[in-house]
**Q** 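Okay, here's the structure, questions in a sec.
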Number of protein chains: 2
Amino acid sequence: MADDKRRAILYATLCLLSERGFHGFSMKQLAERAGVAAGTIYLYFRDKEDLIRQLYQDIISEVARRVFVDHDTSLPLYEQYRRMMLNLWTFHLECPEIMLSKVQFDSMPPDLLFGQRGKEMAVLLDQRDDVLDVFKPMMELYQRGRDSGELKPFSDEMLSALCIDPVCALAREHYLGLLHINEEQLSAVIDATWDAIRWHPQPTVNPV
Amino acid sequence: MADDKRRAILYATLCLLSERGFHGFSMKQLAERAGVAAGTIYLYFRDKEDLIRQLYQDIISEVARRVFVDHDTSLPLYEQYRRMMLNLWTFHLECPEIMLSKVQFDSMPPDLLFGQRGKEMAVLLDQRDDVLDVFKPMMELYQRGRDSGELKPFSDEMLSALCIDPVCALAREHYLGLLHINEEQLSAVIDATWDAIRWHPQPTVNPV
DNA sequence: CTAAAATGAACGAATGTTCATTTTTGTGTG
DNA sequence: CACACAAAAATGAACATTCGTTCATTTTAG
C-alpha cells in the first residue's frame, strides 16, 4: 500500500545523492527515478532537506545493523575487530550507493542532518546522541582496548580515523574499479589498520 | 592588471566549492564573492565546469609543492615520511578551504576534472598522468620502502589509504572543531599511520 | 581616441513547491 | 456479487524564483 512508495522515494534519493550530490539532482528527476509524481514526494516528506534527514537516519541504523550482525563481546578484541571490518567491507560492496553517499553526508552542514534548525535545542542534541548510540559496540571495543593496554590511548575519533576511514576509502576505490583487492589483500589491510591502532610493546622508531 | 581577477575568481570558487559543493553555489554568488560582474567570469573561463577543472589543476600542484617543500631523499624513509605528514597537516590547517574541497573533487565524475569529454582521448590520459606525476616523491618513497622491506608490500593506493586518508580526515575534524589534536597527539598519529604501513618483523596476530 | 576589459540587464531553461483535480481504495447496501 | 460513494492517495500542470550564460553597452588603459 502506502509505505513502499516511501521506500521507493528514499531509495531513489540514495541513488541520486550518491551520483550527483544534494544540489545535483532535482525533485522532478527524483520523482521519475522513484516512479511517482513530483507531488507525491511531498506527501511523505516536508521538503528536500527533510528527505535527506530521514534517509540519513535510515542509513545509519542499517549500517550499524550490518556491521554488528555477528557481534560477540566474549571474543578476543582482535577477533571482534576483524569481524566488524569484514562486515563493513561486505556491506559496502553489497550497497555501494550507501558507501558512495557517505561522502555526501560528510560534506553537509550538520544542522541539515540533525534537528530542526533553531527549534528546541534539546531535541537536536538527543537525535545526535541517538545516532552515535548506534555505534556503541565499536566505542566499547575501543574502551576495552584502551583499558587493557591492547590499543593505543587515542580518542574514539582518532581510532576511527585510523581504521574505519582507510577501509571505507579502499572499498570505494575497489568498487569504482580504481584498484582491485582480493580476499587475501583485504585481510592484510585489516591487519594493517589493526597495526595502526594496537599498542606496540617496543617503541615505533626508525630502525635505521 | 588582468590575472589577479582570474585569481580572485579561482579563490572565490574554492571557498564556495568547499562550503556548498559544485551545484550548491551559483555564478551570481561567485561573482559577488570574487568582487566582479557575472559576465567577467566568462572572460577567463569557458563555463562552470572549466572553472572547476582549472581550480583542480591549481590545487593539486599547490598541495604537492607544500607537502614536498623540504623533501630530501638522502634522509631515512621514516624521516622523509614524517616530514611529508607534518607538511600535509600544516598545509591543511593553513588552507582549510583546500582541505574541505578535497571531498568535493573526490565526488565529481572524473571526466569533469580531466580532459574535454569525448575529445581526443590522448590528451585526457596525458593530463591524468600529469596530475599523478606531481606526487611522484610519495610514490618513490613507497617503492623504496617496499624494495627494502621497510614497508608492507602493498600498492601505492593501498598505502595512501592507510596513511594519507586518516591524516586528512583528522585534520578536517580538527579544523571543524569536532576534536582537538595537539602537537604530541599529531606526532603519535603519524607514528600510528607509520605502524600501519611499515613491515613488522613478527606476524600480526591476536596476542591472546 | 582606440582597443581591451568589465559590466549587468536580459534570456530561456530549470529549480523546489503547491494545490485543484483525478484515481484508487475500502466499506456498506441492494 | 455488483454497485454506490466517501475518504485517502496520487497526480502533474502551474507558480514564482533562480539557474548558467550571452552580449550590447560602458569603463578603463595605453
Side-chain angles (χ1 to χ4, degrees), chain A residues 1-56 101 104-105 107-109 111-113 115-119, chain B residues 1-56 101 104-105 107-109 111-113 115-119:
Chain A
M1 59 142 276
D3 201 54
D4 52 49
K5 287 223 186 264
R6 201 187 91 97
R7 302 302 313 173
I9 294 169
L10 276 180
Y11 180 68
T13 306
L14 170 61
C15 293
L16 287 171
L17 181 70
S18 66
E19 290 170 18
R20 318 272 284 106
F22 177 64
H23 293 101
F25 69 92
S26 72
M27 299 302 271
K28 208 155 295 189
Q29 290 166 28
L30 172 60
E32 188 181 13
R33 184 78 76 100
V36 300
T40 308
I41 299 170
Y42 292 85
L43 297 179
Y44 297 92
F45 307 95
R46 183 151 35 83
D47 52 25
K48 200 177 181 181
E49 292 196 7
D50 184 48
L51 187 50
I52 296 294
R53 210 161 13 237
Q54 293 196 36
L55 177 64
Y56 183 64
S101 71
Q104 301 295 338
F105 285 117
S107 65
M108 285 178 192
D111 60 345
L112 195 154
L113 298 179
Q116 13 252 22
R117 291 183 180 275
K119 285 185 188 172
Chain B
M1 60 141 275
D3 201 54
D4 52 50
K5 286 221 186 267
R6 201 187 91 98
R7 301 302 314 172
I9 294 170
L10 275 179
Y11 180 68
T13 305
L14 171 60
C15 294
L16 287 172
L17 181 70
S18 66
E19 290 170 18
R20 319 273 284 104
F22 177 63
H23 293 100
F25 69 92
S26 72
M27 299 301 270
K28 208 156 291 188
Q29 291 166 25
L30 172 61
E32 188 180 14
R33 185 78 77 100
V36 300
T40 308
I41 299 170
Y42 292 85
L43 297 178
Y44 297 93
F45 306 95
R46 183 151 34 85
D47 53 24
K48 200 177 182 182
E49 293 196 4
D50 183 49
L51 187 49
I52 296 294
R53 210 163 10 238
Q54 293 196 36
L55 177 64
Y56 183 65
S101 71
Q104 301 295 339
F105 285 117
S107 64
M108 285 177 192
D111 60 344
L112 195 154
L113 299 178
Q116 12 253 22
R117 291 181 181 277
K119 285 186 188 171

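Lettering follows sequence order; numbering is per chain, from 1. Note that this is a predicted model, so its numbers are computed, not measured.
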**Q** In whole angstrom, what separates B/Tyr44's OH from C/dA6's C1'?
**A**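 Answer to the nearest Å: 8 Å.
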**Q** What is the distance, to the nearest angstrom, from the CG atom on A/Asp3 to the C1' atom on C/dT25?
**A**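 Roughly 17 Å, once rounded to whole Å.
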**Q** Take the protein atom CZ of B/Phe45 and the nucleotide atom C1' of D/dG20, then report the distance between them rounded to whole Å.
**A**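 Computing the B/Phe45:CZ to D/dG20:C1' distance gives 16 Å.
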**Q** Taking atom C1' of C/dG16 as reference, at what distance in whole Å does atom CD of A/Glu49 sit?
**A**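 Nearest whole value for this atom pair: 11 Å.
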**Q** Does one side chain, of A/Gln29 or A/Arg20, offer a donor that lies under 3.5 Å from an acceptor on the other?
**A**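 No - no donor-acceptor pair under 3.5 Å links their side chains.
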**Q** Just compare D/dA10, D/dC19, C/dA6 and give me whichever is closest to any side-chain atom of B/Leu43.
**A**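 Within the option list, the nearest is C/dA6.
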**Q** Please state how far atom CZ in B/Arg46 lies from atom P in D/dT22, giving the value in whole angstrom units.
**A**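 Result: 11 Å.
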**Q** Would you kindly give the NE2-to-P distance between A/His23 and C/dT15, to the nearest whole Å?
**A**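 About 13 Å, once rounded to whole Å.
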**Q** Measuring from the side chain of A/Ser26 (C-beta onward, heavy atoms only), which nucleotide among C/dT15, C/dT17, C/dG8 has the closest atom?
**A**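 My answer, after comparing the listed nucleotides, is C/dT15.
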**Q** Start at the 5' end of DNA chain C and walk down; is the nucleotide closest to A/Lys48 or to B/Ile41 reached first?
**A**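 It is B/Ile41 whose nearest nucleotide is closer to the 5' end.
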**Q** As a test of reading the structure: which of C/dT17, C/dT7, D/dG20 is closest to the side chain of B/Met27, going by heavy atoms?
**A**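 So the nucleotide nearest the side chain must be D/dG20.
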**Q** Using a 4.5 Å cut-off on heavy atoms from C-beta on, say whether the side chain of B/Val36 contacts that of B/Leu30.
**A**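 No, every pair of side-chain atoms sits at 4.5 Å or beyond.
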**Q** Choose from D/dA10, C/dT15, C/dT7 the nucleotide whose nearest atom is closest to any side-chain atom of B/Ala37.
**A**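 Shortest atom-to-atom distance from the side chain points to C/dT7.
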**Q** Would you mind reading off the distance between A/Lys28 atom NZ and D/dT11 atom C1', rounded to a whole angstrom?
**A**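 So the two atoms are 13 Å apart, to the nearest Å.
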**Q** Which nucleotide wins on minimum distance to the side chain of A/Thr40, given the candidates C/dT15, C/dT17, D/dT11?
**A**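 Side chain of A/Thr40 sits closest to D/dT11.
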**Q** Side-chain contact, heavy-atom cut-off 4.5 Å: B/Glu49 with B/Ile52?
**A**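 Answer no - side chains too far apart.
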**Q** Are side-chain heavy atoms of A/Tyr44 and A/Leu51 found at a separation under 4.5 Å?
**A**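 No; the side chains remain at least 4.5 Å from each other.
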**Q** According to a strict under-4.0 Å criterion, is A/Gln29 in side-chain N/O contact with OP1 or OP2 of C/dT15?
**A**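 A/Gln29 to C/dT15 OP1/OP2: side-chain N or O found under 4.0 Å.
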**Q** So B/Phe25, base contact, sugar-phosphate only, or nothing? Heavy-atom distance under 4.0 Å.
**A**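 Since only primed, P, OP1 and OP2 atoms lie under 4.0 Å of B/Phe25, the category is sugar-phosphate.
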**Q** Rounded to whole angstroms, how far apart are CZ on B/Arg6 and P on C/dA5?
**A**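 Interatomic distance, CZ of B/Arg6 to P of C/dA5: 14 Å.
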**Q** Measuring only between side-chain heavy atoms, which start at C-beta, is A/Tyr56 closer than 4.5 Å to A/Leu112?
**A**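 No. Closest side-chain heavy atoms not under 4.5 Å.
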**Q** Distance check: side-chain N/O of B/Tyr42 vs OP1/OP2 of C/dT7, anything under 4.0 Å?
**A**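 For C/dT7, OP1/OP2 do not have a side-chain N/O of B/Tyr42 under 4.0 Å.
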